[in-house]
A.B. asks: 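My questions will all concern the structure given below.
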Amino acid sequence: MEIITREKDVNLNSNIIENNGIEYNYSRRCSICGSPYMKNTMLPEEMIKILGEKIRYIPSCKCHESFFERKIEELSSKADKERILNKGHKYKDFSVIDNKFLNSTFEKAYHTKNLALCRKYAEAFLTKDVQVGLILYGSPGTGKSFDSACIANYLMEHGKSVLALNLGLYLNRLKLEWSNIEIEVLRKVAECDLLIIDDFGAEKPSDWLIEKAYLLIDTRYKSEKPMIISTNLKYKVKCSCDISEIFGFRVKDRIREMCYEIYYDGKSRRKEANLKFKELMI
């Protein structure tokens, strides 16, 4: 537990100095900046007699107010993250919002050109009417899901609502609870400020899967709100690609119209278990 004191010296036989009509007690100082206490002219003498001489002087600075304001903000931020995580647990079978997701932030990120683009996008989201989304595509382990999580957390910290889904897990859940869960999710897909569809196209395609994926994306399209898609599939704007071949041109056209493409290349940044263990033993 963190403890902060309001003064360094509580000696009441203090050195009292008047400056510009204000009486300062230099033997009682702020423990943060060292500023002297000043006489509280708003306090009745009767109150001092009841509570004691110690309350006659109060801090002349704002250090402690700022300290406690920061603490309140930290607690509020922690509570907000817990609330977001609890909301994610409601959709735990297909949501990607978990502790790993919430811990993905721009401040903790490995800085790349793509990350810089994602950060500019997130910042623009707060000041402009953003209707264009992103499709992050490329090799596995190159940072697509991490960067989308950074955007999501930045926006959630600034009061925006984000729904993040794993497409394959969502579709599997639909097979178990088709009507009720689909209606509820599609309503949230239309309402939230940002929709994230993670790991798009990892599942084996079928006519049913393609139709449900299209309904998800089309619902978002009709809401005229942005979405972010991360995928390991090859994507090309002007010609056929993995997405059009697997999901059809209806899905591809919706994505093309809604999303700006960012390509991720290079080696996987994920560490294998044996490498993590070796680092642990060093």
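Note that the coordinates shown come from a computational prediction; the quantities given were computed from them, not determined experimentally.
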A.B. asks: Could you tell me which residues satisfy ring-ring contact (aromatic ring centres under 6.0 Å, His included) with Phe101, sequence neighbours excluded, listed by chain and number?
C.D. replies: none
A.B. asks: Side chain to side chain contact (heavy atoms under 4.5 Å, CB included), that's the test. Do Arg28 and Asn25 meet it? Break it down for me.
C.D. replies: CA-CA 6 Å; Arg28 301 182 65 184; Asn25 183 342; 3.5 Å; yes
A.B. asks: Quick one: are the ring centres of Tyr37 and Tyr24 less than 6.0 Å apart?
C.D. replies: no
A.B. asks: What I'd like to find out is whether the side chain of Asp199 reaches to under 4.5 Å of the side chain of Leu167, using heavy atoms alone.
C.D. replies: no
A.B. asks: Asn153 and Thr105: side-chain donor and acceptor closer than 3.5 Å?
C.D. replies: no
A.B. asks: Within the 4.5 Å heavy-atom criterion, are Met227 and Cys259 side-chain neighbours or not?
C.D. replies: yes
A.B. asks: Go through the steps for Val251 and Asp218 under the test side chain to side chain contact (heavy atoms under 4.5 Å, CB included), then give the verdict.
C.D. replies: CA-CA 8 Å; Val251 171; Asp218 190 56; over 6 Å; no
A.B. asks: Could you pull out the closest heavy-atom pair between Ser148 and Ser145, with the gap in Å?
C.D. replies: OG-O, 2.8 Å
A.B. asks: Classify the side-chain pair Asn114/Lys144 by whether it contains a donor and acceptor separated by less than 3.5 Å.
C.D. replies: no
A.B. asks: Evaluate the ring planes of Tyr263 and Tyr137, with Trp represented by its six-membered ring, and classify them as parallel (under 30°), tilted (30 to 60°) or perpendicular (over 60°).
C.D. replies: tilted
A.B. asks: Indicate yes or no: does Lys225 engage Asp193 in a salt bridge with an N to O separation below 4.0 Å.
C.D. replies: no
A.B. asks: Is the shortest heavy-atom distance from the side chain of Asp253 to the side chain of Ile255 under 4.5 Å?
C.D. replies: no
A.B. asks: Is any side-chain heavy atom of Leu136 closer than 4.5 Å to a side-chain heavy atom of Ile228?
C.D. replies: yes
A.B. asks: Between Val130 and Pro226, which heavy-atom pair has the shortest distance, and what is it?
C.D. replies: O-CD, 3.4 Å
A.B. asks: Short question: side chain of Asp242, backbone of Lys234 - any donor-acceptor pair under 3.5 Å?
C.D. replies: yes
A.B. asks: Which atom pair, heavy atoms only, marks the closest approach of Arg256 to Val237?
C.D. replies: CD-O, 3.5 Å
A.B. asks: Taking Glu245 first and then Lys252, would you say they form a salt bridge - that is, a charged N and a carboxylate O separated by under 4.0 Å?
C.D. replies: no
A.B. asks: Can you tell me how far CG of Leu195 sits from CG of Leu165, rounded to the nearest 0.5 angstrom?
C.D. replies: 5.5 Å
A.B. asks: Glu261: which residues meet the side chain to side chain donor-acceptor pair (under 3.5 Å) condition with it, sequence neighbours left out?
C.D. replies: none
A.B. asks: Is the closest basic N to carboxylate O distance between Arg250 and Glu211 below 4.0 Å?
C.D. replies: yes
A.B. asks: Can Glu191 and Arg187 be counted as an ion pair, charged N to O under 4.0 angstrom?
C.D. replies: yes
A.B. asks: Can you sort out the partners of Tyr154 under ring-ring contact (aromatic ring centres under 6.0 Å, His included), two or more places apart, ordered by chain and number?
C.D. replies: Phe106, His158
A.B. asks: Of all heavy-atom pairs between Leu163 and Val185, which one has the smallest distance, and what is that distance?
C.D. replies: CD2-O, 4.4 Å
A.B. asks: Of the non-hydrogen atoms in Ser161 and Cys192, which two are nearest, and what is the gap between them?
C.D. replies: OG-CA, 3.4 Å
A.B. asks: Looking at Leu233 and Ile246, what are the two nearest heavy atoms and their distance?
C.D. replies: CD2-CD1, 3.8 Å
A.B. asks: Going through the checks in order, is the side chain to side chain contact (heavy atoms under 4.5 Å, CB included) test met by Tyr264 and Thr112?
C.D. replies: CA-CA 10 Å; Tyr264 285 71; Thr112 64; 5.6 Å; no
A.B. asks: Which residues pass the salt bridge (charged side-chain N to carboxylate O under 4.0 Å, His left out) test with Glu107, not counting sequence neighbours?
C.D. replies: Arg119
A.B. asks: Test your reading of the model: is there a side-chain donor-acceptor pair from Arg220 to the backbone of Val189, 3.5 Å cut-off?
C.D. replies: yes
A.B. asks: Going by the rule ring-ring contact (aromatic ring centres under 6.0 Å, His included), which residues pair with Phe249 if we only count those two or more places apart in sequence or in a different chain?
C.D. replies: none
A.B. asks: For a 4.5 angstrom cut-off between non-hydrogen side-chain atoms, does Cys30 reach Pro59?
C.D. replies: no
A.B. asks: Please check if the side chain of Ser104 supplies one atom and the backbone of Lys100 the other of a donor-acceptor pair under 3.5 Å.
C.D. replies: yes
A.B. asks: Residues two or more places apart in sequence or in another chain: which of them pass ring-ring contact (aromatic ring centres under 6.0 Å, His included) with Phe247?
C.D. replies: Phe200
